[in-house]
Amino acid sequence: MLTATPDPREDAQVLAAVIDGDREAFAELYRRHQPWLLVRLGRRCASPELVDEVVQDTFVAVWRSAGRWDRRARWPRGSGGSASAAWSMRCGAAGRRRVS
């Protein structure tokens, strides 16, 4: 398996590049934070498939909304409960869609 060379930039610098539409920066953001999100949501949701779906949806939303971000903002991990609540709500909403 090939692995990317670690990006030496801080998250804020990577986020600034994502805001500018840099796909490689977005891939770096995904590499850095996807494992953490999988663990975090895995503790709140019993379905690994649903967790994968919600994490994927989260990153799609991040990419689509990047142009509206404040460059001084921190990645959602730094926002504590509000980000966790949003991901938990997405997990619940995705589960309801599957049942319907």
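Distance CG/Leu29 to CZ/Arg23: 14.5 Å, rounded to 0.5 Å.
What you find for Glu24 and Arg31 is that their closest heavy atoms are O-NH2, 4.3 Å. Taking all atoms of both residues into account, the shortest heavy-atom contact from Ala46 to Pro48 is O-CD, 3.3 Å. Nearest heavy atom pair, residue Leu50 against residue Cys45, reads CD2-SG, 3.5 Å. Scanning both residues, Pro35 and Tyr30, for their nearest heavy atoms gives CD-O, 4.1 Å.
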| query | For Leu37 and Val51, what are the C-alpha separation, side-chain angles and deciding distance, and is it a side chain to side chain contact (heavy atoms under 4.5 Å, CB included)? | reply | CA-CA 9 Å; Leu37 285 172; Val51 169; over 6 Å; no
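Under the side-chain contact (heavy atoms from CB on, under 4.5 Å) test applied with Phe26, the options Leu15, Val14, Val62 reduce to a single match, Val62.
In the displayed structure, Arg9 atom CZ is contacted under 6.0 Å by more than 12 heavy atoms of other residues, nucleotides or ligands.
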